[in-house]
Each structure stands twice: as C-alpha cells, then as structure tokens.
Amino acid sequence: MDSKNRSTVTEFIIIGFPTLYGYGPFLFTCLLLVYLLTVTGNVLVFTIIRLDSRLHTPMYFFVSVLSFLEIWYTAVTIPKMLINILYPRKGISFNGCLLQTYFFHSLGASECYLLTAMAYDRYLAICQPLHYPTIMNPKMCTRLIAICFTCGFLCPITEVALISQLPFCGSNEIQHIFCDFPPLLSLACTDTSINVLVDFVINSFIILVTFLFIMVSYIRIIIAILKIKTSVGQAKAFSTCVSHLSVVLVFFSCIVFMYVRLTKSYSLYYDRVLAVIYSVLTPIFNPIIYSLRNRDIRIAVKYRIFRH
C-alpha cells in the first residue's frame with residue numbers, strides 16, 4: 001500500500017447520533033450519570049468481594065475480576081463519547097482511533113473468555129461438587145484469568161494490523177459512537193474483503209465458540225439441577241447461575257448481531273443503538289445483577305455499612 005495515500009486522512013470525526021445534537025447537555029448529563037454509576041457499582045462490587053473473607057470463593061473471585069474489567073471496558077469509550085457530545089466535531093487521531101479500537105476489542109474478547117470461565121466454574125460446582133474444591137483452587141483460578149486476558153489481548157492484533165495498512169483518502173466521518181472495525185472499513189478507499197473475512201473468522205471464533213461452550217455448560221447444569229430431589233436444593237442451585245446467565249444473554253445477544261457477519265454493509269443507526277447497549281448499558285447491569293439479586297453480596301454490603 002502507498003503510505004502517502006494512507007496518510008491523507010490523519011484524523012477521524014466520530015459523528016454519533018446527528019439528530020440528537022440539539023439535546024447535547026441532556027445527553028451529556030445522562031451519559032455522565034450512567035458512567036459514574038457504572039464505575040461506582042463495579043468498584044463497590046470489587047471492593048466488597050476483596051474485603052469480605054466470606055466471599056473469597058472462586059465464583060466471587062471471577063465476579064470481582066469481571067467488575068474490574070468493566071471499569072476499564074467503559075473507560076475506553078465513554079469518556080471520549082462525553083467529549084464528543086460537548087464538542088460534536090472534535091476529531092480523534094488515526095493512531096488514537098486504532099488504539100481505542102484495539103483496547104475495546106481486547107477487553108471485549110477478554111470478557112467473552114471470562115464469562116466462559118465463569119460458566120465452567122458453575123458447571124464444576126454443580127455437576128462435580130466432590131471434585132470442585134480440588135480442581136477450582138486459587139492457582140487454577142489465577143491461571144484461568146491469565147489465559148482470559150492473554151487470549152483477549154492477542155485476538156485483535158491481526159485485525160488492527162490489517163486495518164492500519166488500509167488507505168483512507170475520502171471521508172473521515174465515522175458513522176458510529178466510537179472507533180470500531182465496521183465503520184472504519186466502510187471509510188477505506190480500497191477493497192476490504194480480506195479485512196471483512198478476517199474479522200468474521202476471528203469474531204466468529206471468539207463469540208460463537210465461547211457462547212456455545214457457555215450454553216453447553218448451562219444445559220448440563222440444568223439437567224443436573226433437575227435431578228435434585230428437593231425444591232429447596234433446586235432453587236439454591238438455580239440462584240447461583242441465574243445472575244451469570246442474565247449477563248451472558250444480554251452481552252452476547254448484542255455482539256453476535258454486531259460482529260458476526262460476512263459483509264461490511266450494515267445499518268448505521270441500528271449498529272449505533274446496539275453499541276449503546278453493549279458498551280454503555282451492559283456494564284451498568286452487571287453490578288445491579290450481582291448486587292441486588294445476590295444475597296451474599298447484599299449481606300456483605302450491609303455488614304460493611306452498618307457494622308459500626
């Protein structure tokens with residue numbers, strides 16, 4: 001590729017929702033409130049789990065890591081989105097756009113692998129309770145987390161490397177709410193079929209394989225729960241899984257429609273709506289689901305607040 005062509009566009013302008021520009025102050029206030037609630041909720045869940053020894057179990061260890069991940073996941077996009085609301089035509093450099101895309105996808109892939117590890121943990125706890133303490137020991141938990149983040153941060157490297165070589169010599173307006181692969185590919189002034197194919201293969205592997213593994217785990221979990229003779233035992237087993245399954249369904253239902261497709265033509269408006277759901281709303285659901293619906297964490301929070 002001719003590097004001169006690629007350097008024609010040195011920065012991008014993220015358009016967001018043009019029809020909502022007139023509601024800038026209101027949107028800024030709402031998004032800032034959501035962001036503060038997201039960070040506060042996830043910090044609270046992470047801190048409570050770290051401080052309360054009764055929550056030092058594999059399941060809550062993974063929940064604390066998920067909260068930690070969500071803090072950084074939202075930090076990659078929302079602060080820049082807040083700036084774009086105040087200054088609609090403010091640009092982002094070519095390298096800055098690639099970095100945002102890389103970290104957004106790295107953390108997103110890490111979350112896919114982490115949710116898979118959490119499903120595996122629940123499978124062992126319910127389907128193999130006698131072997132669970134031996135298999136899911138602290139060393140194994142740490143290894144699983146290391147694998148999740150290592151694989152997550154390696155996955156987007158090929159996609160970013162390929163897109164960095166594309167020539168961008170036309171419009172520099174990104175029809176999205178942040179930098180991402182699909183809207184960037186639509187701006188390239190050359191054939192991007194190889195990029196689309198590579199994106200499809202990588203995203204399909206990350207999203208569909210992890211989702212399939214999670215669903216198989218929960219099918220086996222449900223079968224095991226139905227074999228429990230007492231309704232109390234069934235209810236207790238279901239309660240440990242429903243929170244995680246809720247997070248999985250919300251997160252994967254959006255990213256499947258967004259990233260598992262073999263074309264670069266897409267609905268700009270609906271993609272932006274989906275992006276709001278999985279990048280802004282899903283991270284705030286996690287602390288709500290894991291705190292309000294989780295008895296152990298509610299008790300731990302009350303203990304920390306009222307113990308004095």
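Values reported hereafter were calculated over all heavy atoms of this structure, with side chains retained and with hydrogens, waters and symmetry mates removed. If you're wondering where the values come from, they're calculated on a predicted model, not measured in any experiment.
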Over all atoms of both residues, closest heavy-atom pair of Val76 and Gln100: O-NE2, 3.2 Å
Verify the ring-centre separation between Phe251 and Tyr278: is it less than 6.0 angstrom? no
Specify whether Phe211 and Phe252 have parallel, tilted or perpendicular ring planes, treating 30° as the upper limit for parallel and 60° as the lower limit for perpendicular. tilted
Centroid-to-centroid, Phe200 to Tyr259, below 6.0 Å? no
Give the intermediate values and the outcome of side-chain contact (heavy atoms from CB on, under 4.5 Å) for residues Tyr218 and Arg122. CA-CA 8 Å; Tyr218 273 102; Arg122 291 300 82 209; 4.0 Å; yes
is_close_aromatic(His105, Phe181), centroid dist under 6.0 Å: yes
So does Arg220 have more than 12 non-hydrogen atoms from other groups sitting under 6.0 Å from CZ? no
For Ile194, does the CD1 atom have more than 12 heavy-atom neighbours from other residues, nucleotides or ligands under 6.0 Å away? no
Starting from Ile147, can I reach Val209 by hopping between I/L/V/M/F/W/Y residues whose side chains sit under 4.5 Å apart? no
Looking at every non-hydrogen atom in both residues, tell me the closest pair between Cys151 and Tyr113 and how far apart they are. CB-CE1, 3.6 Å
Between Thr116 and Cys112 the two heavy atoms that sit nearest each other are OG1-O, 2.8 Å
For Leu115 versus Val247, what's the shortest heavy-atom pair and its separation? CD2-CG1, 4.1 Å
Does atom CZ of Phe153 have more than 12 heavy-atom neighbours from other groups under 6.0 Å away? yes
What orientation do Trp72 and Phe68 show, parallel under 30°, tilted 30 to 60°, or perpendicular over 60°? perpendicular
Go through the steps for Tyr73 and Phe103 under the test side-chain contact (heavy atoms from CB on, under 4.5 Å), then give the verdict. CA-CA 8 Å; Tyr73 183 70; Phe103 282 110; over 6 Å; no
Minimal heavy-atom distance between Asp52 and Ala300, with the atoms involved, is OD2-CB, 3.3 Å
Check whether more than 12 heavy atoms from other residues, nucleotides or ligands sit under 6.0 Å from atom CZ of Arg50, and answer yes or no. yes
Over all atoms of both residues, closest heavy-atom pair of Phe257 and Leu274: CB-CD1, 4.1 Å
